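Throughout, protein chains are lettered first and strands after them, A, B, ... in sequence-line order, and every chain is numbered starting at 1. Quick caveat, the model's predicted, so the values are computed rather than measured.
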Amino acid sequence: MKRILKTLGRLYPRAWRERYGEEFDAILEDRKPCLLDIADVLLGAFRMRVSMRHLVQIVLPCGLAGAAIAWGIAARTPARYSSDTVVKFTSYRLTPVCSNPDHLPATLRPSKDICGEGGAAIDKLMQAWIQPALDRDFLISVIKTKRLYWEQQQSHVPIEQLVDTMRAHINLRPIGSAENGASTQAYRIEFQYSEPRLAQDVVALLASRSMDAFIKSSLAQIKAQGVSGPRQYARTIAIVRTPSFSTTPLGVSRVHQVELGFLAGSLAGLLLTLSLGSKSAGESRKLRSES
Amino acid sequence: MSDPTILVLSSLAGGEKHGYAMMEDIERFGGVRLGPGTLYGAITRLEKQGWIAPVGPRDRRQLYKLTAAGRAHLQEQLENLGRIVRIGQRRLENV
């Protein structure tokens with residue numbers, strides 16, 4: 001036990017050991033040790049390392065350096081703003097009585113007993129309406145007309161790369177469905193960009209593109225079936241939430257980034273203090289063995 | 001009463017002592033078994049504040065003594081403690 005305590009005594013900072021080391025070892029030799037002494041010596045060594053001197057000389061500068069680095073990174077990373085809209089598609093089954101296209105408005109009333117097209121079917125259809133919003137040519141036209149990623153355009157970054165970047169900033173996902181006399185599926189269309197007004201404009205364009213695809217596909221279907229042909233389903237599309245406008249940037253705020261940087265730097269400083277102390281203890285052992 | 005600072009100062013108020021003697025003394029008069037880490041943490045702080053000082057040349061069993069500033073500090077602390085003890089006792093009597 002005495003040997004363990006003496007070994008743990010090496011965890012104290014070198015400067016402290018130079019001044020009190022021999023006395024401390026002597027007290028460990030004189031005293032009958034107990035298990036609690038192990039925790040006591042460990043805690044004593046830790047407290048001595050994290051003294052005010054270490055705090056001011058190592059931990060605090062490391063914390064400040066961490067905060068400065070975090071500030072630098074935060075300042076170089078442009079803020080991103082999000083805009084989104086929700087588009088809802090609904091499919092109604094047309095009742096046989098009202099299947100005449102002349103009475104189409106009446107048939108659009110949902111029936112509690114008869115559902116529209118199944119979830120999988122409508123999902124497939126929706127993919128056909130949503131996907132055109134990610135179409136390469138369409139995105140290129142948006143990038144050019146709205147002057148998106150202007151700095152990259154000026155730096156001659158290939159347009160394909162900008163399209164990929166834009167696709168990565170577009171988020172299209174279903175947010176819910178319902179079966180209540182009709183099959184309803186809602187989609188959220190989101191775009192993230194460094195300027196909130198442009199993010200909103202682009203979301204409006206993406207929603208508009210999706211609606212265009214819906215109308216074209218419906219017209220093509222009617223044309224294929226013939227205007228007076230029998231129809232089983234009617235479909236509607238609606239924007240249930242207009243494109244949002246947010247001036248609050250996404251992610252962690254700069255103040256929080258700086259705080260995190262300070263914490264990380266302080267932690268690194270603490271580890272550095274501990275490792276320097278261990279190194280010093282090793283050097284002291286070496287010197288003792290040499291002498 | 002387990003504040004190692006007051007315990008070490010009180011022990012040295014009775015005369016010069018080395019670390020082990022302080023531990024024995026504190027256990028005897030205070031009923032507190034100070035660990036070596038706690039004792040030397042207190043000794044380091046007290047010496048830095050000038051309340052205790054080593055006596056004679058460096059030795060494995062280094063003697064320490066109470067300084068004038070340490071005596072004044074201990075006096076002040078004990079007076080505060082005495083006042084708290086008196087108030088506590090008076091309140092207990094009035095319950």
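In terms of heavy-atom pairs under 4.5 Å with chain B, the best-connected choice from A:Leu8, A:Asp37, A:Asp30, A:Asp25 is A:Asp30. Most heavy-atom pairs under 4.5 Å with chain A, from the set B:Glu47, B:Gln62, B:Arg45, B:His18: that is B:Glu47. When A:Ala26, A:Gly44, A:Pro33, A:Cys34 are compared by the number of non-hydrogen pairs under 4.5 Å with chain B, A:Ala26 comes out ahead.
Between A:Tyr193 and A:Tyr149, the distance separating the two ring centers is shorter than 6.0 angstrom. You'll find the ring centres of A:Phe24 and A:Tyr12 inside the 6.0 Å limit.
For the pair A:Thr85 (side chain) and A:Ile189 (backbone), a donor-acceptor distance under 3.5 Å is absent.
Taking each heavy atom of A:Pro243 and A:Val203 in turn, the nearest pair found is CB-CG1, 3.8 Å.
Of the atoms belonging to B:Ile43, heavy atoms from both backbone and side chain fall under 4.5 Å from chain A. Residue A:Leu28 touches chain B through its side chain alone, counting heavy-atom pairs closer than 4.5 Å.
Separation of atoms CZ (A:Arg167) and CG (A:Leu139) is listed at 5.5 Å; rounding is to 0.5 Å.
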